[in-house]
Amino acid sequence: MPELPEVETVRRGLTQLIVPSTITGVEVFWDKIITPPFSSQKFCDNLYGETIHAIERRGKYLIFLMDHWAMISHLRMEGKYKVCPSDQVIEKHTHVVFHLHDGRDLRYLDVRKFGRMTLVPVAMAKDAIKALNLGPEPLPQCFQVEEFSLQLKKRHRAIKPTLLDQSLVAGLGNIYVDEVLFRSKIHPLRMTDNLSEDEIQVLHDQIIAVLGQAVEAGGSTIRTYKNTLGEEGTFQQALLVYGQTDQACVVCGTPIQKIKVAQRGTHFCPVCQVLR
DNA sequence: TGATGTGTTGGGTG
DNA sequence: CCACCCAACACATC
């Protein structure tokens, strides 16, 4: 499901629903979701009696802050959290169940089983997050154009894979990269080290704007994604190129093309986004 | 029925 | 440093 806007929407929904809640038991049905250092058994043991005091987000990661532990969770492609009464039938693809003190469950579902969660001592949470090697959050006060420009110039690589890499700026995925590049009039294969200062400024501003607007809209509902409250995001209506193959470009009317870049489906307007 | 594509990340190889 | 391929998985679509 998730790029930053969807993860942020999940964070807000979960915060509203379960902060604070005390965990009275955990069941893991697919061990590989739980990554080291703890086995899934130890994971369950450690969480017994812990109260979830806050849920934070860094890039596309969710961070559940508890008494002694922080749980770092990544939804990867299709991970979802739902909250429901604990007597509700466990639906297909449910891999982790957290029983809460008030008779509800927090459940993790993931059709493809790609998502991951891990536990670190809460005092180590800052260090663990640092070790993820994420770039700044795409907010004006965190994401500085000077540093962004410096980083772009010192590598020789196409812009799309560079933005998908989370180390320059955190939170962009396949959908929003295509949207940001279209709005910046930059071809996805453009080399980062020959972007002009003006282009970099536009790109920087569009990253902040697009992700910000998508958060406001509650994310995009593509395929299966719904937020924790069961609502659909509305930003998919604002997508100008993603999934618009052969549709007329909203700026010039040229059919949107789909190509493969960095092994990912990539949508762009061949007239608005010229490769130079 | 088989091939292909899907919102992610990390590891290996050349 | 970078590009590419693959793995983890299930399901929809062509």
Side-chain angles (χ1 to χ4, degrees), chain A residues 1-11 29-36 40 57-62 72-81 91-96 108-118 128-129 131-135 150-181 188-194 210-211 214-215 217-228 232-239 241-246 257-267:
Chain A
M1 142 187 58
E3 299 180 38
L4 184 149
E6 293 74 35
V7 178
E8 176 61 17
T9 303
V10 169
R11 187 195 72 76
F29 303 118
W30 190 262
D31 288 337
K32 294 185 75 171
I33 303 279
I34 313 300
T35 54
S40 48
R57 180 192 55 74
R58 181 74 174 86
K60 304 175 192 173
Y61 291 83
L62 286 169
I72 302 177
S73 167
H74 197 298
L75 278 34
R76 292 285 183 96
M77 297 284 266
E78 293 196 38
K80 299 168 202 12
Y81 281 103
E91 63 185 286
K92 203 174 169 185
H93 308 307
T94 300
H95 306 310
V96 185
Y108 178 75
L109 293 81
D110 189 342
V111 171
R112 299 174 70 178
K113 300 176 178 163
F114 284 1
R116 295 291 178 261
M117 51 186 86
T118 191
I129 293 161
L132 297 173
N133 203 9
L134 298 173
L150 217 57
Q151 294 298 325
L152 289 173
K153 282 174 179 151
K154 80 179 190 194
R155 33 199 112 189
H156 186 66
R157 199 182 184 191
I159 186 64
K160 173 150 181 173
T162 302
L163 293 177
L164 286 174
D165 181 339
Q166 301 294 295
S167 64
L168 283 208
V169 56
L172 290 165
N174 202 43
I175 293 177
Y176 295 111
V177 165
D178 283 4
E179 292 301 313
V180 163
L181 290 175
L189 286 171
R190 185 74 180 284
M191 284 293 159
T192 60
D193 54 0
N194 76 44
V210 169
L211 290 177
V215 167
S220 302
T221 296
I222 303 291
R223 293 159 59 88
T224 60
Y225 165 77
K226 281 186 188 170
N227 74 21
T228 311
E232 304 198 339
T234 60
F235 196 76
Q236 68 276 8
Q237 298 161 17
L239 298 177
V241 283
Y242 186 87
Q244 301 302 120
T245 313
D246 297 331
Q257 281 186 15
K258 183 174 182 183
I259 59 172
K260 209 81 162 170
V261 175
Q263 283 84 243
R264 313 294 302 277
T266 296
H267 312 74

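These numbers come from the heavy atoms of this one structure, side chains and all, not from hydrogens, waters or symmetry mates. Note on naming: letters A, B, ... go to the chains in the order of the sequence lines (proteins, then strands), and numbering restarts at 1 for each one. Source: prediction; values computed, not measured.
- Between A:Gln263 and the phosphate of C:dC5, there is a side-chain N or O to OP1/OP2 separation shorter than 4.0 Å.
- We find that CG of A:Leu75 is positioned 16 Å from C1' of B:dT6, with the value rounded to whole Å.
- Straight-line distance from the CZ atom of A:Arg157 to the P atom of C:dC4: 10 Å, rounded to whole Å.
- For A:Lys258 and B:dT6, the NZ to C1' distance is 9 Å, given to the nearest whole Å.
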Seminar exercise, completed: Counting primed atoms, P, OP1 and OP2 as sugar-phosphate and everything else as base, the B/S/- map of nucleotides 9-14 of chain B against protein heavy atoms under 4.0 Å is BS----
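- Of the possible polar contacts, one joining the A:His95 side chain to the A:His93 backbone as a donor-acceptor pair under 3.5 Å is found.
- Nucleic acid contact class of A:Ala262 (heavy atoms, under 4.0 Å, all strands): none.
- Taking atom C1' on both nucleotides, B:dT1 is separated from C:dA8 by 24 Å, rounded to a whole Å.
- For A:His93 and C:dC11, the shortest distance from a side-chain N or O to OP1 or OP2 is below 4.0 Å.
- With no hydrogens or angles considered, a side-chain donor-acceptor pair links A:Ser73 and A:Tyr81 at under 3.5 Å.
- In terms of phosphate contacts, A:Lys32 brings no side-chain nitrogen or oxygen within less than 4.0 Å of OP1 or OP2 of C:dA8.
- Considering every non-hydrogen atom in both A:Ala214 and A:Phe235, the closest pair reads CA-CD1, 3.6 Å.
- In this structure, A:Asp246 and A:Lys258 have side chains that are not in contact, with every pair of non-hydrogen atoms separated by 4.5 Å or more.
- Residues A:Tyr176 and A:Leu4 have side chains not in contact (no heavy-atom distance under 4.5 Å, counting atoms from C-beta outward).
- A:Asp165 has its side chain within reach of A:Arg157: a pair of non-hydrogen atoms, C-beta onward, lies under 4.5 Å apart.
- When every heavy atom of A:Pro2 is checked against every heavy atom of A:Val7, the shortest pair comes out as CB-CG2, 3.4 Å.
- Within the nucleic acid shown, A:Arg155 comes within 4.0 Å of sugar-phosphate atoms alone, with no base atom in reach, counting heavy atoms only.
- Straight-line distance from the NZ atom of A:Lys154 to the C1' atom of C:dC2: 15 Å, rounded to whole Å.
- Using bins of under 30°, 30° to 60° and over 60° for the plane-to-plane angle, the ring pair A:Tyr61/A:His74 lands in the perpendicular bin.
- Look at CZ on A:Phe114: it is 9 Å from P on C:dA8, rounded to the nearest Å.
- Note: CZ (A:Arg116) to C1' (C:dA7) measures 10 Å, nearest angstrom.
- When the side-chain nitrogen and oxygen atoms of A:Lys260 are compared with OP1 and OP2 of C:dC5, none of them lie within a distance under 4.0 Å.
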Problem set entry | Watson-Crick and G-U pairing of DNA chain C written in dot-bracket, each distance under 3.5 angstrom, with | for inter-strand partners | .|||||||.|||||
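- One interatomic measurement links the two molecules: CG of A:Leu163 to C1' of C:dC2, which rounds to 16 Å at whole-angstrom precision.
- Taking only side-chain nitrogens and oxygens, A:Trp30 comes nearer than 4.0 Å to OP1 or OP2 of C:dC9.
- Of the P atoms belonging to C:dC5 and B:dT4, the separation is 13 Å, rounded to the nearest Å.
- Comparing the P positions of B:dT8 and C:dC1 gives an interatomic distance of 24 Å, to the nearest angstrom.
- The closest donor-acceptor contact from the side chain of A:Thr192 to the backbone of A:Arg155 lies under 3.5 Å.
- A:Gln166 places no side-chain N or O within donor-acceptor distance of the main-chain N or O of A:Asn133, the cut-off being under 3.5 Å.
- In this structure, A:Asp178 atom CG and B:dT6 atom P are separated by 10 Å, rounded to whole Å.
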